[in-house]
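All values reported here derive from a predicted model rather than from experimental measurement. For the numbers below, each heavy atom of this structure counts, side chains included, while hydrogens, waters and symmetry mates do not.
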Amino acid sequence: MDFKLMVAQAIAKASEIDIETVESALTTPPNADMGDFAFPCFVLAKQLKKSPIVIAKELAEKMQGVNSYIDSVNPEGGYLNVFINKAEYANSVLKEVLSAGNDYGKSGEGNGKNICLDYSSINIAKPSHIGHLSTTVIGNALSRIYTHLGYKTISINHLGDWGTQFGKLIVAYKLWGVREEVEKGSVLALMDLYVRFHEEAEKNPKLDDEARAWFRRIEDGNDEAVALFDWFKKLTLESVQKIYDLLGVEFDSYAGESFYTPYMPAVIKEMQDKGVLKVDDGATIVDLSEYNMPPCLILKSDGATLYATRDITTAIYRKNTYDFHKLLYVVAYQQSLHFKQFFKVLELMGYDWVKDCEHVSYGMVSLEDGAMSTRKGKVVLLDDVLTAAIEKSRVIIEEKNPDLEDKDEIAKQVGVGAVVWLPLYNNRIKDIVFSYDKALNFDGETAPYAQYTHARCCSVLKKAEVFEKMSELDFNGKLLNDLESIELVKSIDALKDSIRSAAEKNEPYIIARRVIDICGKFNRFYYERRIMGEETSIQNSRLALCAATKTAIKIGLYLLGVNAPERM
Ligand code: ARG
């Protein structure tokens with residue numbers, strides 16, 4: 001039973017205002033003695049042509065005793081405070097969570113509609129650095145969240161696998177590379193070659209001409225060029241796969257920039273036919289001055305296509321292939337002009353589905369000074385960050401719980417969870433400074449804290465020997481009428497809304513905050529209320545609440561891409 005909906009229905013009926021308006025305005029008061037739900041009556045003032053104070057009074061009178069789930073309704077200022085029947089409420093939430101288990105909060109609202117997610121989108125021959133953390137973990141979280149809501153998600157790694165830099169790399173490899181060394185050093189060796197190319201090309205500009213020639217050979221399908229490029233690609237994908245395995249990230253497609261080459265001529269012709277192109281100083285552009293944007297470059301004067309040309313072609317291809325309900329690009333905010341420009345071009349081409357495309361942008365991640373030395377003095381490798389976090393969590397576990405079984409696996413889950421959490425705990429757009437100590441703090445608002453609370457619930461349930469049969473626990477909401485229990489029940493209930501609004505705003509942090517709130521409420525409950533040794537009916541009701549907490553934390557963490565070990 002959805003109590004919020006039920007309250008909204010009762011208010012809608014009494015006020016004769018549509019339920020949507022009522023439900024979206026219904027809030028949760030900051031503290032429980034103001035009611036379980038509060039309805040701001042000013043929302044109806046215009047429609048009902050009355051003051052909020054009068055509306056609140058009238059509604060309160062009409063609603064007395066309408067429904068056995070509502071205990072009382074009080075007007076206060078322009079607000080209507082609704083107190084629900086706590087026992088019924090607790091019963092209904094616990095019943096729902098315990099019977100759904102890990103499916104709690106799932107819904108069919110997505111109706112199988114396709115959501116395309118473009119994320120991680122790494123560049124070939126470049127190592128994944130800390131900058132790839134956000135796109136990868138936000139994209140992964142969104143994919144899990146939409147799936148939970150019944151959408152079908154298509155995760156696409158739009159590889160940066162096209163451009164003259166690959167010609168440069170071939171030149172560098174042929175001049176200075178040694179196959180075995182590159183094989184061994186993988187993507188870092190490729191990066192070295194690339195850096196060397198730039199140093200040498202400054203002294204010898206002829207190298208740039210050679211690089212262009214090699215790039216053309218890749219495009220023309222020359223055997224040697226393609227074989228080398230494919231090898232670079234293989235090395236890059238193998239090295240990033242280790243990171244994806246740690247993060248639990250999977251892609252449905254690795255169609256990158258080069259994949260769209262054959263589709264481009266038709267799209268360029270279409271733009272020409274639709275009259276959106278203009279030649280300017282030899283280059284082909286779309287003039288966007290009317291929209292206060294610099295022009296979108298489509299073809300360079302030598303006829304080469306650009307990043308935007310590829311993205312326009314890609315979006316059209318994705319629409320034709322997946323008929324997406326939404327196409328989300330999880331990409332750093334530095335690229336926001338690029339997205340605005342090419343979205344506008346698609347609009348000018350007459351594609352009204354561009355309204356379903358969204359740049360899901362995010363801020364920068366940097367490391368606290370001295371938190372780690374970078375291997376190359378330039379980039380902070382994601383691999384290194386994850387490895388260091390795992391090692392540090394191993395040390396903490398060794399200190400706190402040396403007898404723990406499976407320490408390596410748990411250290412991995414905790415270390416990775418701590419890192420993954422960073423871009424997920426705040427509004428996406430916020431820049432974050434990474435510190436291992438803060439990330440791994442078991443008492444902060446961190447993944448390890450949530451994992452620890454989850455493990456605590458598991459241990460309570462195991463000690464009571466009900467872990468295997470949580471769904472069969474007998475409970476009675478009347479026995480959960482203390483403040484700590486009710487607050488916890490409410491927070492667990494709110495997870496469903498949090499999941500929905502995380503999807504609506506493409507903001508996983510809403511779930512992360514909810515998980516931390518559930519953990520805080522549980523820990524308060526755990527300190528204030530005795531579980532074991534109480535009369536059986538109380539004990540079982542509290543165990544049921546503990547089981548519901550465990551389930552809710554586990555689901556919340558799962559949706560964020562964080563594992564929840566049973567022991568820590
Ligand atoms: N590879 C690009 C980069 O590292 C990100 C690509 C994002 N996706 C896209 N369709 N533009 O900057």
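The aromatic ring centroids of Trp162 and Phe215 lie less than 6.0 Å from each other. Remark: aromatic rings of Tyr119 and Phe251 are close, center separation under 6.0 Å. Checked against the 6.0 Å centroid criterion, the rings of Tyr509 and Tyr425 do not qualify as a close aromatic pair. Checked against the 6.0 Å centroid threshold, Tyr449 and Trp421 do not count as a close aromatic pair.
In summary, Glu445 and Lys438 do not engage in a salt bridge, as defined by a charged side-chain N under 4.0 Å from a carboxylate O. Using a cutoff of 4.0 Å between basic side-chain nitrogens and carboxylate oxygens, Lys184 and Glu180 are not scored as salt-bridged. The residues Lys233 and Asp230 are annotated as not salt-bridged, no charged nitrogen and carboxylate oxygen being separated by less than 4.0 angstrom. The existence of a salt bridge linking Asp209 and Arg212 is confirmed by a sub-4.0 Å separation between a basic side-chain nitrogen and an acidic carboxylate oxygen. Between Arg196 and Glu200 there is a salt bridge, with a side-chain nitrogen of the basic residue lying less than 4.0 Å from a carboxylate oxygen of the acidic one.
A heavy-atom distance below 4.5 Å is found between the side chains of Glu257 and Tyr307. Two residues are said to be in side-chain contact when any heavy atoms from C-beta on lie closer than 4.5 Å; Leu235 and Val187 fail this criterion. Taking 4.5 Å as the limit, some side-chain heavy atom of Thr261 sits within range of a side-chain heavy atom of Arg310.
Ring pair Tyr436/Phe434 is perpendicular by interplanar angle, where above 60° counts as perpendicular and below 30° as parallel.
For the atom pair CD1 of Ile511 and OG of Ser498, the computed distance is 7.0 Å after rounding to the nearest 0.5 Å.
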Subject >> salt bridge (Lys or Arg N to Asp or Glu O under 4.0 Å) evaluation trace for Asp323 with Arg318 >> reply: CA-CA 7 Å; Asp323 191 24; Arg318 288 176 183 163; over 6 Å; no
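Thr309 contributes a side-chain N or O that, together with a main-chain N or O of Ile298, makes up a donor-acceptor pair within less than 3.5 Å.
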